[in-house]
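Here's the structure, in structure tokens; my notes come after.
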Protein chains: 2
Amino acid sequence: MPVTVLLVDDEPLVRAGLRAILEAQPDISVVGEAADGAAVVPLVRQLRPDVVAMDVRMPLLDGIEATRAVLRSVPGPPKILVVTTFEQDDYVYQALRAGADGFLLKRAAPAEIVHAVRLAAEGESLLFPAALRELAAAHGNPRARAVLERAALTAREEEVLRLVAAGLTNAEIAQRLVVGTETVKTHVSSLLAKLGARDRTQAVILAYESGFVAPG
Amino acid sequence: MPVTVLLVDDEPLVRAGLRAILEAQPDISVVGEAADGAAVVPLVRQLRPDVVAMDVRMPLLDGIEATRAVLRSVPGPPKILVVTTFEQDDYVYQALRAGADGFLLKRAAPAEIVHAVRLAAEGESLLFPAALRELAAAHGNPRARAVLERAALTAREEEVLRLVAAGLTNAEIAQRLVVGTETVKTHVSSLLAKLGARDRTQAVILAYESGFVAPG
DNA sequence: ACGCTCCTCCCCCGCCCGGGGGAGGCGGGA
DNA sequence: TCCCGCCTCCCCCGGGCGGGGGAGGAGCGT
């Protein structure tokens, strides 16, 4: 029995391309198409595909929400491959966290795409390491990163934030930086204001969420 | 010109297996072998392989340190694939953070291994999503995870820790849980003691480091 | 020389936080 | 039954923390 695939992309051209590549394989069958995320759940229920190739950026319901919706509402869900142009896309990371099984790069060779679909159907899938490193290092959620970037912290403030996020008290930071505790308090107050954080706890959270400090 | 590969593994059997699989390909050539990580850097300098297939667990110098050593000391370094038995291995994650380009599962089919080596040589590589999800979710450093596990927090304490790590004050947590602030204080004090944390800031750090709360 | 930003330090004040100790009710296991 | 762990609430107290304002010096670009 062939591997059945559902294509979800708002651009007909991309769907046509994927269909052409996949239908050329005797053991792969494209059983349906959808132009936006809202149509995915009913189609999955109806067609029961093995694999869903889903674009991330779509009108109405994006690939991330659509992935969540499918996994939440369909028992024995299909494998979901996220289709993307750039491997370092923020949305891809979010989709993977939402439960997607892997992704397809649009610029990948046809053979790669076919291979990825087959692997996904078998329970494995393809990932490219540049994206992996991105994941491991700078996978913070975009909002937190935006806050940190817009904050425009000074060098000293960044240094202090790093120490705050390491669990040091103001006195310890002062000792470490060889300045007065009053100075540290000034820096902390300043960076809290810039970050829109109420206290150091929230600043630490922001530091982790944004990837400013890396866990592990 | 063929893809050149250096094999690094302390078990001769594994080296022989990889050699047999890879040498069967006309465009792949195994140019050398090493039995431990300490021998890797000089061999890489001498042989200039395109790809290094390296075991993680080895005597003398493990795959993580060997990866760091190669990347630090060899200009225009080869692609490094970590060879492992279990995809959810902590060491694999560390190796990837150290700069490895991907990994090879020992139980993977020969064709997969060949494919991974070719992809690595081209600048891409294979990864399996189960490991990815592990990376995204539970990639906390083992020490922090151990602390959290040994802490044996009660259900209520875990709940409170989650809210502390969300940036709430004791009063807000009390309101959220519909209990008195004194009660929240008790829980917080208790979990701080169990975690060995001096204040809520350090508790939040531990929560992130251990993967108890997930960033993103 | 002027203005700007950054780093440094100081004051006062109020509050939330964390430590210590005590205590009652409620459930499960020895 | 009795004991123990968990959840709940209370007291006092000290200290670190955060907000407000002010101020001086160093470096930089104009």
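Note that this is a predicted model, so its numbers are computed, not measured. Within every chain, numbering begins at 1; the chains are lettered A, B, ... in the order of the sequence lines, protein sequences first and strands thereafter. Just the heavy atoms: all of them, side chains too, but no hydrogens, waters or symmetry mates, feed the values below.
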Once base and sugar-phosphate atoms are separated, protein heavy atoms under 4.0 Å mark nucleotides 22-30 of chain D, 5' to 3', with B, S and - as ---------
Would you mind checking if B/E65 and B/R68 are paired as a salt bridge, meaning a charged N to carboxylate O distance below 4.0 Å? yes
Check every strand shown and say whether A/A155 touches a base, only sugar-phosphate, or nothing at a heavy-atom separation below 4.0 Å. sugar-phosphate
Tell me if the CZ atom of A/R48 is crowded by more than 12 foreign heavy atoms within 6.0 Å. yes
d(CD, B/E182; P, D/dC13) in whole Å: 15 Å
Output all residues satisfying side chain to side chain donor-acceptor pair (under 3.5 Å) with B/S190, sequence neighbours left out; order by chain, then residue number. B/E157
Whole angstroms only, please: what is the CG-C1' distance between B/L168 and C/dC17? 15 Å
Nearest-Å distance, NE2 (A/H187) to C1' (D/dG19)? 17 Å
Euclidean distance, atom CG of residue B/N170 to atom C1' of D/dG16 [Å, nearest integer]: 14 Å
Nearest-nucleotide 5' precedence on DNA chain C, A/K194 against A/V184: A/K194
In whole Å, what is the span from the CG atom of A/L177 to the P atom of C/dC6? 17 Å
Which of these, B/T183, B/D199, B/V164, sits in a side-chain contact (heavy atoms from CB on, under 4.5 Å) with B/V188? B/V164
Check whether any side-chain N or O of B/T154 sits under 4.0 Å from OP1 or OP2 of D/dG5, and answer yes or no. no
With a 4.0 Å cut-off on heavy atoms, is B/T183 in touch with a base, just the backbone sugar-phosphate, or nothing at all? base
In whole Å, I'd like the distance from the CG atom of B/L163 to the P atom of C/dC17. 13 Å
Of D/dT8, D/dG18, C/dG18, the nucleotide closest to the side chain of B/R156 is D/dT8
Side-chain atoms of A/V179 come closest, of D/dG18, D/dC9, C/dC9, to C/dC9
In terms of side-chain heavy atoms, does B/N170 have a donor or acceptor partner in B/T181 at a distance below 3.5 Å? no
With A/R156, which of A/L161, A/L177, A/V184 fulfils side-chain contact (heavy atoms from CB on, under 4.5 Å)? A/L177
Could you report the tightest heavy-atom contact between B/P42 and B/A38, atom names first, then the distance? CD-O, 3.9 Å
Return the value, rounded to whole Å, for the distance between atom CD1 of B/I173 and atom P of C/dC17. 8 Å
If every non-hydrogen atom of A/A197 is compared with every non-hydrogen atom of A/A203, which pair is closest and at what distance? CB-N, 3.9 Å
Base of D/dG19 paired with side chain of A/K185 (donor-acceptor, under 3.5 Å): yes
Roughly how bent is the helix from C/dA1-D/dT30 to C/dA30-D/dT1 end to end, in steps of 10 degrees, with each end axis from five pairs? 40°
Looking at B/R198 and A/E172, is there a salt bridge between them, counting it only when a charged N and a carboxylate O are closer than 4.0 Å? yes
Please find the pair of heavy atoms, one from A/V204 and one from A/A165, that lie closest to each other, and give the distance. CG2-CA, 3.8 Å
Please determine if a side-chain N or O atom of B/R200 lies less than 4.0 Å away from the OP1 or OP2 oxygen of C/dG18. yes
In this structure, how many angstroms lie between the P atom of C/dC16 and the CG atom of A/L192, rounded? 16 Å
